[in-house]
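Working notes for the structure below.
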Amino acid sequence: DLSEEQVLRRYRLDKAAIAGLCRELGADLESLTGRSHALPVAVKVTSALTFLASGSFQTATRDSTGISQSAMSNCLAQFLEALQRRAARYITFPTPAHTGTAAGAFPGVLGLVGSMHVALRAPSENEPAYRNAGNYHSMNMQVVCDAAGTITNVVAKFPGSCPNAAVLENSALARLLEGARPDGAWLLGDRSYPLKPWLMTPIAAPRGAAEERYNALHHQALAALRRTLALLRLRFRCLDKGRGCLQYAP
């Protein structure tokens, strides 16, 4: 009964996208018990989206969806697990044979690499490892996107104190690019990453107009990544520290 505008405001996705999610995840979310009071797939999907889009606590989300706290918790877990099982179908890094697309003045760019910190409550184990440079607890999530903002790689398993360079160095992406990378294809990254044959970074102490122009164009090319990360926080507000930290173990 909600208007399209109300749906977008509440769930951050339109009606067609939500219906598509229900069809895609239906087999995973349908109740296996055959109980008469089992929650329909649409209720599970919209309940999970309400939480992800609001960045609120599960209790507050439960109040707006009208289901119990335990049911809300189960909906979210089932929804996320179902999405995760399908991630590789929708999130794929360009193959080594792909020469990349232009990112501003840079031809042959396979992707733009950066990170965002997702705030967590202080974990009970190994707490110092999750305290980042901003003095709050987080996961350091690596994201790669292309010039159009399409996300092609995510690494979300390292604690907040882990430097960006270490996250990349210990990822499958680094091993891929150190192997079958075609000539003239690379990633762009900011100053938090080291220069590599497959990773172009800003020049630390530019000399002359040519190097200053390179840095300016490099910064301009990374704008697509900055926009992508900002949109992620806006659409899925559970990722935005301004809404409070996620109340989950790492």
In Å, rounded to the nearest 0.5 Å, how long is the span from CZ of Arg85 to CG of Leu25?
-> 9.0 Å
Before giving the answer on side chain to side chain contact (heavy atoms under 4.5 Å, CB included), spell out for Val143 and Ser115 the whole-Å C-alpha distance, their side-chain angles and the decisive distance to 0.1 Å.
-> CA-CA 6 Å; Val143 177; Ser115 74; over 6 Å; no
Residue list, salt bridge (charged side-chain N to carboxylate O under 4.0 Å, His left out) with Glu169, at least two apart or on another chain | Lys196
Spacing of NZ belonging to Lys44 relative to CG belonging to Asn74, to within rounding of 0.5 Å = 8.0 Å
Rounded to the nearest 0.5 angstrom, the CG-OG distance for Leu76 and Ser47 is 9.5 Å
So, do Tyr193 and Leu187 sit near enough that their side-chain heavy atoms are less than 4.5 Å apart?
-> no
Is it the case that one hydrophobic cluster holds both Leu232 and Leu8, taking links as side-chain heavy atoms less than 4.5 Å apart, direct or via other members?
-> no
Which atom pair, heavy atoms only, marks the closest approach of Leu110 to Pro94?
-> O-CG, 3.8 Å
Do Asn140 and Asn132 have side-chain atoms, one donor and one acceptor, less than 3.5 Å apart?
-> no
If you group Ile, Leu, Val, Met, Phe, Trp and Tyr whenever their side-chain heavy atoms sit less than 4.5 Å apart, what else falls in with Tyr90?
-> none
Hey, are the side chains of Pro202 and His219 touching, using non-hydrogen atoms and a 4.5 Å cut-off?
-> no
At their closest point, which heavy atom of Asn164 faces which heavy atom of Gln142, and how far apart are they?
-> O-OE1, 4.4 Å
Do you reckon Leu225 sits in the same ILVMFWY cluster as Met200, going by side-chain contacts under 4.5 Å, direct or chained?
-> yes
Hey, can you pull the donor-acceptor pairs under 3.5 Å for the side chains in residues 147-163, sequence neighbours left out?
residue, atom, partner, partner atom, Å
Thr152, OG1, Val144, O, 3.4
Ser161, OG, Ala129, O, 2.6

Can you list the residues that meet the side chain to side chain contact (heavy atoms under 4.5 Å, CB included) rule with Ser124, with sequence neighbours excluded?
-> none
Decide yes or no for Phe79 and Leu49: does some side-chain heavy atom of the first lie under 4.5 Å from some side-chain heavy atom of the second?
-> yes
Provide the closest heavy-atom pair for Cys75 versus Ala48 in the form atom of the first, atom of the second, distance.
-> O-CB, 4.4 Å
Between Tyr136 and Arg131, does a side chain to side chain contact (heavy atoms under 4.5 Å, CB included) hold up when you go through it step by step?
-> CA-CA 5 Å; Tyr136 64 92; Arg131 188 176 292 277; 5.8 Å; no
Can you hop from Phe236 to Leu231 via hydrophobic side chains spaced under 4.5 Å?
-> no
Output side-chain donor-acceptor pairs under 3.5 Å for residues 12-21, partner residues at least two apart or in another chain, one line each.
residue, atom, partner, partner atom, Å
Asp14, OD1, Ala16, N, 3.3
Asp14, OD1, Ala17, N, 2.8
Lys15, NZ, Leu2, O, 2.7

Working to the nearest 0.5 Å, report the span between OG1 of Thr201 and CZ of Arg191.
-> 8.5 Å
Given the rule in the side chain to side chain contact (heavy atoms under 4.5 Å, CB included) test, do Met141 and His117 qualify, once you have shown the distances and angles that lead to the verdict?
-> CA-CA 6 Å; Met141 183 173 77; His117 284 264; over 6 Å; no
Taking all heavy atoms of Leu112 and all of Ala224, pick out the closest pair and write down the distance.
-> CD1-CB, 3.7 Å
Output yes when a side-chain donor or acceptor of Ser73 lies under 3.5 Å from a complementary backbone atom of Gln69, and no otherwise.
-> no
Student check: side-chain heavy atoms of Leu83 and Arg86 closer than 4.5 Å | no
Do Leu80 and Met72 sit in the same hydrophobic cluster, where Ile, Leu, Val, Met, Phe, Trp and Tyr count as joined when their side-chain heavy atoms come under 4.5 Å apart?
-> yes
Intermediate values then yes/no, side chain to side chain contact (heavy atoms under 4.5 Å, CB included), Leu177 and Phe93 = CA-CA 11 Å; Leu177 294 175; Phe93 195 72; 4.2 Å; yes
Glu5 atom CD: more than 12 heavy-atom contacts under 6.0 Å | no
Check: Ala27 main-chain N/O paired with Glu30 side-chain donor or acceptor under 3.5 Å = no
Provide the closest heavy-atom pair for Ala221 versus Leu188 in the form atom of the first, atom of the second, distance.
-> CB-CD1, 3.6 Å
Evaluate the criterion salt bridge (charged side-chain N to carboxylate O under 4.0 Å, His left out) for residue pair Glu127 and Arg121; output intermediate values, then yes/no.
-> CA-CA 10 Å; Glu127 178 270 337; Arg121 72 182 182 198; over 6 Å; no
Between atom CG of Leu176 and atom CD of Glu178, what is the distance when rounded to the nearest 0.5 Å?
-> 9.5 Å
Taking all atoms of both residues into account, what is the closest heavy-atom pair of Arg10 and Ala53, and its distance?
-> O-CB, 3.6 Å
Side chain to side chain contact (heavy atoms under 4.5 Å, CB included) filter on Pro250, not counting sequence neighbours, yields Leu120, Pro123, Tyr130, Met139
Aromatic ring centroids of Tyr214 and Phe106 under 6.0 Å?
-> yes
Common cluster, Val113/Val167, ILVMFWY with side-chain heavy-atom separation under 4.5 Å | no
More than 12 foreign heavy atoms under 6.0 Å from CD of Glu4: is that the case here?
-> yes
Please check if the side chain of Ser171 supplies one atom and the backbone of Leu168 the other of a donor-acceptor pair under 3.5 Å.
-> yes
First locate atom CD1 of Ile91, then atom CD of Gln84, and finally report the distance between them rounded to the nearest 0.5 Å.
-> 10.0 Å
